[in-house]
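Below: one structure, written as structure tokens.
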Amino acid sequence: MNPIMQAPTIEYGTLAPMLLVFGAAVLGVLVEAFAPRYLRKVMQVPLTLVSLGGAFALVLVQVIMRGAPTEAVAMGAVAVDGPALFIWGVILVLSFVCVLLVNDEGHFVASAAAVPGSADEEEAEAAGGGHTEIYPLLLFAVGGMMLFPAAHDLLTMFVGLEVMSLPLYLMCGLARRRRLLSQESSMKYFLLGAFSSAFFLYGTAMLYGYAGTVSLPGINKALAGGALLDPLLLIGFAMLGVGLLFKIGAAPFQAWKPDVYQGAPTPITALMASGTLVAAMGAVLRVFWVGLGNLDWNWRPVMWAVAALTMIVGAVLAITQTDIKRMLAYSSIAHAGFLLIGVMATFDKSQQNAGSLSAILFYLLVYSFTTVGAFAIVTMVRDPGGEAGHLSRWAGLGKRSPLLAGVFAFFLLAFAGIPLTSGFFGKYAVFAAALASGSESGDSLGGWMTGLVVLGVVASAVAAFFYVRVIVLMFFSEPAADGPSIAEPSMGTVAVIAVAALVTVGVGLFPQPMLDVAHQAAANLFIR
Amino acid sequence: MSSLWLPILLAVPVLGAVVVALLPKGADQVAKQVTLAVSLVVLALTLVMAFQFPSAKGDRFKFAAVYDWIPSFGVHFGVGVDGIALVLVVLSAVLVPIVVLASWHDADGVRTADGTLITPKRSVKTYFSLLLVLEAMMIGVFAATDIFLFYVFFEAMLIPMYFMIGSYGGAQRSYAAVKFLLYSLFGGLLMLVAVIGLYVVAGKSTFMFPELVGAIQDPATQKWLFAGFFIAFAIKAPLWPVHTWLPDAAAQAPAGAAVLLVGVLDKVGTFGMLRFCLELFPDAAKAFTMPIVVLAVISIIYGAIVAIGQSDMKRLIAYTSISHFGFIVMGVFAMSQVAQSGATLYMVNHGFATGALFLAAGFLIARRGSPHIADYGGAQKVAPLLAGFFLVAGLAGLSLPGLSSFVSEFMVMTGTYASKAHGSGALTVAAVVSALAVILAAVYILWMVQRVLNGPTAEPVKAFKDLSAREIVVLAPLVALIIGFGFFPKPLLDVINPAVNQTLVNVKVDNPAIAEKGAGQ
């Protein structure tokens, strides 16, 4: 043993996008501390946007100039492979877009510490300004979202999970309207989130006990030769699974999603529904693929049940919802189920399967853009007391503002997976990958995969019902006399909706370029 | 190499739809004129194409064009028409301008003679641009030679129709529109699984139909995939017991949209059975022949009996269509050349006949403000022209000899009767039972005609004006086609027969018509 401690080698160039985001977040905290109140917003907004844009540019540089690394970096703690770079790119664009929404007036409380309805609150409201801390918080969350799916060992992954989650817990409670609901959602998310983090950590400890390492490839290697019915292993992998599935909102760990989505300020909901889902899905893929690949006969049946349950719960419970944000939350649960079909498909004959990996990446991209667009529209439909959440308030919107309602209807059709929208190709890619993997000879779950796809199709049909119901409300019902007003959108909101609509149409008509990108990203698979 | 005919035929209505949608607010009159002009251009192009068809190049699919669309999935923008597809494209192109003219005032807010508002004013340009989008998709769905592209059109065409029913229909429109969409979507999604399965199992990395014919050999796989396609088409057609959406949708849709729904959209189901179910899965199709023919016969009889009991004109016509679709499905699965040619001919003739009947009924309803047969009586005396057209369209619906439907219904029945495809007796029995529907058809049509046109003139009917010039222009061409093809169906059959022969070759059915001519392919 070398008694002298070795300085770790850090590949700064490869990690640059993530470091830039974290650096900007730290800088943002300093701005909060030292800049006068009236200057803060002026400084924070460009700082946030430039750092996110810069990080995206760095990702592109990495991909184009150097290609995805084939070795884990930072002493084997972080793997910046093709899928990770793809996920980083998607998250950075999404968070850039969400910052434009955050930037819009009036979503956030002036002083979170003031008791709702108190004199303090009025005072803070009158003083104006609002919380500019939201920007560094958001950057920390985005940094966490980047680290989470790229982590190559379970401890780094846990750090990523916490860095991502803690700012989100906080931001959920900052809504300006209906503050009690917002604070309740924040509390709920925090308690449940902490609980799931504990599961994750406990699972990590168990797996360490089994494999003697927290490194994902190390665990896989131990699985290759070790006893596969060791209680340490089984408990560890089950607890790890709970922690991860909680984050993507898979049933039966989905209960937080509707409450949190409803209570959180809508721009933050948009970020969670897109960025968090993408990051968590990336982490799920990496853990089950890289870390537990040799255990697939063990976790695939469980994953089958979870995927089936998630689709059914999401699609069926969404029907009963009367609040637009809750409905979108259940829709997000159903889509998580569709994504899990893709996760199932990543294994056939215990081989890694680039086709289904690229299908999942593609699905994540198209779904998250449509989601951000849909939530951006939700921010614009307002009652005197804030956003018009109740579905009945959306009646006749198609007559008042045909363009807005038309775009929203288009997003809903994309969620439902109607052809000529991006959502259709996402769904098609995942279903096709699943059927292809199931038809491989020698796959133990062959017929089950087909069954899962049929179940997915039935769930899609059920889901179509509640998307269509909103369209019926908007277009085929008479508007209420005192219906909601449509906020005059800021440039940022318009840009968000335009980008989301362009992606949804563009990929819906010509998916090939995006498929190529996803395919390239998946070609070299995860670093193992 | 690639012919530009079909891509242009698809692009013209899409461009027209964009132009109409972008017109400034209040330019309603312009929107209607542009739509009419565009649909007439499409009709002219289609007719020119149809007349060139016999001399055009290509084995089976003429005017073929294939471009890569999504290479990763093996998807092409592949279009081309054989005789069956051609006549259905022509049917769509003929019906659209007629529907445009018929719907001229539908979105303006329809009032009866005494001024009661039936349907309020709605966006005119949206209606007409939806109509043009629908036209493009109708042409596309029949012309697609790539199965994925077919599926895309098959599903996407639901959306314009959904909005046309839901935004412009009658009192129950939103219920009817949702029911229509969910039924079709559910079938479509099952078909999606089968489409993917076909691609995966065939392992040819392409969705081009000609290359996939005969690609699936395993009988069990064939049966599953066949089921996925067939359920979607049976819902679309619609076949008993998945027919219940049609009466609702057709009764609530504005008359013009109902014509396209029943006249063209539903034909996609029967067309799909003939093209895809039979040729891709021949063994499964033969194995399932008897159950399907039984369902078809039930549809024929059930549709006719229920039609007799209807009090609402549009619902009545919808149920007669269910009966007629039963005939078409029976003809398709009778696996004989005469029956399948008859079925294809029936698809076209039914489009004209039911189209005329729906439109004439729509004109009556626009005058009276009620779809209920009981609210009419004696219309003949006040509006003889309208009554005359209504009568002829009705008679076409009951397949009176001399009118076009007779030829096709006769062909389907004789073809089924004589078919040896499934033993000797079974199909003969089916044909005999289905012949009962001829009597039932006389009951439902003539009884409706009697209640609406004859008898003492009801008080509100006295105020009826006879057909306007626009309405005559709408109905006259359809009636001319009904009578024309009734006496002289040969031009259509000449186009249809070779395509049907090719289908039978792919299904591997002994076909005496081919053996005689000695022309194998």
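In the text below, chain A, chain B and the rest are named by the order of the sequence lines, each starting its count at 1.
Within 6.0 Å of CD in Gln512(A) there are more than 12 heavy atoms belonging to other residues, nucleotides or ligands. For NZ of Lys179(B), the number of neighbouring non-hydrogen atoms (other residues, nucleotides, ligands) closer than 6.0 Å is greater than 12.
Across all their heavy atoms, Val200(B) and Ala436(A) have their closest contact at CG1-CA, 3.8 Å.
If you measure heavy-atom distances from Leu509(A) to chain B, the contacts under 4.5 Å come from the backbone alone. Interface remark: Lys399(A) contributes side-chain atoms only to the contact with chain B (heavy atom separation under 4.5 Å). Interface residue Ala429(A): backbone and side-chain heavy atoms are both found under 4.5 Å from chain B. Heavy atoms closer than 4.5 Å to chain A are found in the side chain of Ile159(B), but not in its backbone. Residue contact with chain A, scored on non-hydrogen atoms closer than 4.5 Å, involves the backbone and the side chain of Phe163(B) alike. Within the 4.5 angstrom heavy-atom criterion, no atom of Phe154(B) approaches chain A.
To the nearest 0.5 angstrom, Thr421(A) atom OG1 is 10.5 Å from Glu155(B) atom CD. Remark: Phe73(B) CZ to Leu515(A) CG distance equals 4.5 Å, nearest 0.5 Å. Atom-to-atom distance recorded for Leu198(B):CG and Leu435(A):CG is 11.5 Å, nearest 0.5 angstrom.
Of the possible polar contacts, none joining the Trp69(B) side chain to the Pro511(A) backbone as a donor-acceptor pair under 3.5 Å is found.
Below 4.5 Å, heavy atoms of chain A meet heavy atoms from Leu181(B), Leu182(B), Leu185(B), Phe186(B), Leu189(B), Leu190(B), Leu192(B), Val193(B), all part of residues 181-194 of chain B.
For Tyr330(A), the side chain to side chain donor-acceptor pair (under 3.5 Å) criterion is met by no residue, not counting sequence neighbours. By the side chain to side chain donor-acceptor pair (under 3.5 Å) test, Arg173(B) is found to be paired with no residue, residues two or more places apart in sequence or in another chain being considered. Shown here are the side chain to side chain contact (heavy atoms under 4.5 Å, CB included) partners of Ile319(A), two or more places apart in sequence or in another chain: Val462(A), Phe465(A), Phe466(A).
The choice from Gly197(B), Ala156(B), Gly166(B) that makes the most heavy-atom pairs within less than 4.5 Å of chain A is Gly166(B).
Taking 4.5 Å as the limit, some side-chain heavy atom of Ile471(A) sits within range of a side-chain heavy atom of Tyr162(B).
Within the 6.0 Å centre-distance limit, the rings of Phe424(A) and Tyr151(B) are counted as a close aromatic pair.
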_Criterion side chain to side chain contact (heavy atoms under 4.5 Å, CB included) on Ile70(B) and Phe425(A), from CA distance to verdict_ = CA-CA 10 Å; Ile70(B) 313 169; Phe425(A) 288 112; 3.3 Å; yes

